[in-house]
Q: 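Dropping a structure here in structure tokens format, bear with me for questions.
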Amino acid sequence: VASVSRSGDRSELLKGPLYYVIVLISATLLFWRNSLAGIVTVSMMCGGDGAADIIGRRFGSTIKLPWNSSKSWAGSIAMFAAGLGMAACFTAAFSAVGAINTAPPLSSMLPALAAVCAAATLVESLPINGVVDDNLSVPLVAVAGSALLLPASAVVARTGAAVLLAGVGTSTVAVPLLQALHLS
Amino acid sequence: VLTGWLHPVQRGRGVSPGPEWPWYAAEPVLTAHDMPVMAAMASSMVSAHSVRSCGARSLLGGRMPPQQQRHLCCMQGMHASASGSGSGSITISSLSTQHPLLSSPAVVLRRTPASRLRTQRGPLPPAAAVAMNATTALDSLEALRALPGWDWATGIVVAIGAYAWVKIFNHLASTGAMDKKLSRKLVHMTAGPLFMASWVLFSERPEARFIAALVPSINLTRCGSSVLAQQSRLTIDDCRASILPSYMPCTVCTVFAYIGLLLYFARPFSPSLLHVGCCWLVAVFSKTLD
């Protein structure tokens with residue numbers, strides 16, 4: 001557990017890994033291997049976010065983003081590149097194995113895929129980490145973006161996307177509300 | 001695999017998309033997966049249902065009128081003459097072996113379960129014989145996936161692998177071989193994609209995804225007990241011992257809901273969905289009442 005969660009802050013410890021696990025479970029159950037939405041979601045949450053953190057810490061000390069002083073251009077570009085690369089690799093591998101067999105070829109989907117990754121990167125770079133955890137906002141935007149931008153045959157589980165969005169959306173509203181009620 | 005993707009013949013050129021064609025596809029595209037299926041169809045008259053189960057949805061999913069299907073066959077360079085109705089059975093009366101993808105066994109991709117091809121009756125044309133003789137790693141994976149209990153075995157192996165993976169990084173962080181933050185981030189970066197890569201190992205059965213989802217679910221209890229340990233300043237082992245009784249109703253109901261879902265997917269029966277719903281509701285409310 002120590003290597004999955006941050007030591008020290010309790011709520012941080014609770015939320016980050018918990019959302020991570022919940023997103024993994026949801027992506028498995030709702031999208032499985034035949035939808036691009038799950039691939040993009042997990043790629044952006046794991047590969048993108050991780051790369052942003054590592055590259056941002058190492059090279060991002062100089063040029064910060066104009067709208068968020070704690071995030072850097074280097075980190076955001078790394079997140080976009082790593083997330084897009086991972087999503088493209090997984091798409092290629094899955095369709096080579098035959099898991100995705102209804103989608104158009106990757107080359108024709110790359111612009112839309114890049115747009116989804118860019119949207120997730122943008123949301124991650126916003127200074128809203130205190131409001132919505134990165135492990136929640138990035139998957140949410142990735143699912144919504146894939147459902148909207150990617151071709152319908154590539155995002156097989158549209159109802160799955162809707163259920164995930166509705167569920168996570170209500171929980172983002174309900175959980176702070178319940179906490180506030182509990183505290184008062 | 002890549003040659004199948006990048007092959008110029010794969011792109012359907014010169015055919016104007018009909019109204020049925022989806023808006024995003026500027027030109028009709030077939031994947032290399034359809035090749036063995038075409039060969040299979042040529043081998044005997046295959047009903048539209050079995051063709052669909054072979055994975056030729058993009059070709060025969062009912063989106064295309066028959067004449068476009070014929071166009072596609074010719075476009076592919078397969079020189080097949082096809083006839084059939086949009087929803088019924090489709091017969092391919094002749095199929096040439098000249099297509100580069102069909103003549104090289106290495107590129108003939110799976111997606112056609114080899115066992116299904118072999119059981120088909122009737123003499124096989126050379127092209128289908130080539131498709132059948134393709135023995136790749138994917139073919140053997142296909143055979144393994146068909147084993148009873150394969151999903152459970154895979155799930156257990158993946159769960160053990162995931163546990164070992166996290167333990168390795170924990171160990172590296174605790175011995176000081178790696179920075180704690182870096183090790184945490186590396187686990188964050190690798191665990192999800194590795195788990196996602198393991199999806200391929202599971203079978204096509206509907207319950208496979210539920211078995212796969214059990215792997216990250218195991219981590220939920222770990223998260224819970226570590227939170228309790230932080231709150232109460234107890235050791236993590238104490239909390240694991242104390243968390244089980246308080247989480248027992250929730251856990252039991254979740255397990256029951258899970259079993260119900262698995263049963264439902266094994267044999268669809270609507271009352272079992274009711275059972276799942278009830279178990280899940282009780283699980284949720286037992287937690288909030290607690």
Side-chain angles (χ1 to χ4, degrees), chain A residues 1-10 13-14 16-18 20-33 38-39 42-43 45-47 49-51 53-54 57 82 86 90 92-99 101-109 112 135 150-154 178, chain B residues 1-2 4-6 10-11 22 24-26 29 31 33 55-58 61 109-111 138 141 166 169-170 172-174 180-193 195-197 199-200 202 208-210 212-213 215-217 219-220 222-227 230-231 236 288:
Chain A
V1 177
S3 65
V4 190
S5 50
R6 286 162 224 214
S7 49
D9 191 357
R10 205 180 68 211
L13 187 100
L14 170 68
L18 198 64
Y20 185 88
V21 172
I22 287 173
V23 167
L24 271 187
I25 295 172
S26 319
T28 313
L29 291 182
L30 297 176
F31 301 117
W32 198 219
R33 56 191 171 207
I39 296 176
V42 176
S43 301
M45 185 184 73
C46 303
D49 198 35
D53 193 283
I54 291 172
R57 262 178 226 286
M86 190 179 276
F90 265 100
F94 278 14
S95 43
V97 175
N101 54 9
T102 51
L106 180 64
S107 51
S108 71
M109 287 192 295
N135 284 343
L150 287 177
S153 63
L178 283 175
Chain B
V1 163
L2 276 179
W5 253 23
L6 304 174
Q10 291 277 286
R11 309 294 167 78
Y24 54 81
V29 174
T31 64
H33 306 312
R57 230 167 299 164
S58 56
L109 294 174
R110 47 133 274 145
R111 189 62 240 162
L138 287 169
L141 178 64
V166 175
F169 279 93
N170 266 348
L172 286 177
S174 64
K180 246 186 172 151
K181 268 188 171 160
L182 184 67
S183 110
R184 177 170 55 75
K185 217 64 206 172
L186 281 179
V187 168
H188 177 95
M189 243 183 117
T190 51
F195 172 61
M196 191 157 67
W199 290 353
V200 172
F202 289 88
R209 64 175 75 190
F210 290 88
V215 175
S217 309
N219 260 358
L220 274 181
R222 292 162 59 82
C223 284
S225 50
S226 76
V227 169
Q230 287 270 321
Q231 285 176 340
I236 233 172
T288 46

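Naming: A, B, ... by sequence-line order, numbering from 1 per chain.
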Q: When heavy-atom pairs shorter than 4.5 Å are enumerated against chain B, which of A:Ala112, A:Ala82, A:Cys46 gives the highest number?
A: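 When all of A:Ala112, A:Ala82, A:Cys46 are compared, A:Cys46 has the most.
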Q: Would you mind checking which part of A:Ala51 comes under 4.5 Å of any heavy atom in chain B, side chain (CB onward), backbone (N, CA, C, O), both or neither?
A: both
Q: For B:Leu172, is it the side chain, the backbone, both, or neither that has a heavy atom closer than 4.5 Å to a heavy atom of chain A?
A: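 No part of it gets close to chain A.
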Q: Looking at every non-hydrogen atom in both residues, tell me the closest pair between B:Val200 and B:Leu141 and how far apart they are.
A: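 Smallest heavy-atom distance, with atoms named: O-CD2, 4.1 Å.
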Q: Which heavy-atom pair separates A:Gly50 from B:Met189 by the least distance, and what is that distance?
A: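 Looking at all heavy atoms of both residues, the shortest contact is CA-CG, 3.4 Å.
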Q: How far apart are the closest heavy atoms of B:Lys185 and A:Ile54, and which atoms are they?
A: CG-CG1, 4.0 Å
Q: For A:Met45 and B:His188, work out which heavy atoms get closest and say how close.
A: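 Heavy atoms of A:Met45 and B:His188 come nearest at O-NE2, 3.0 Å.
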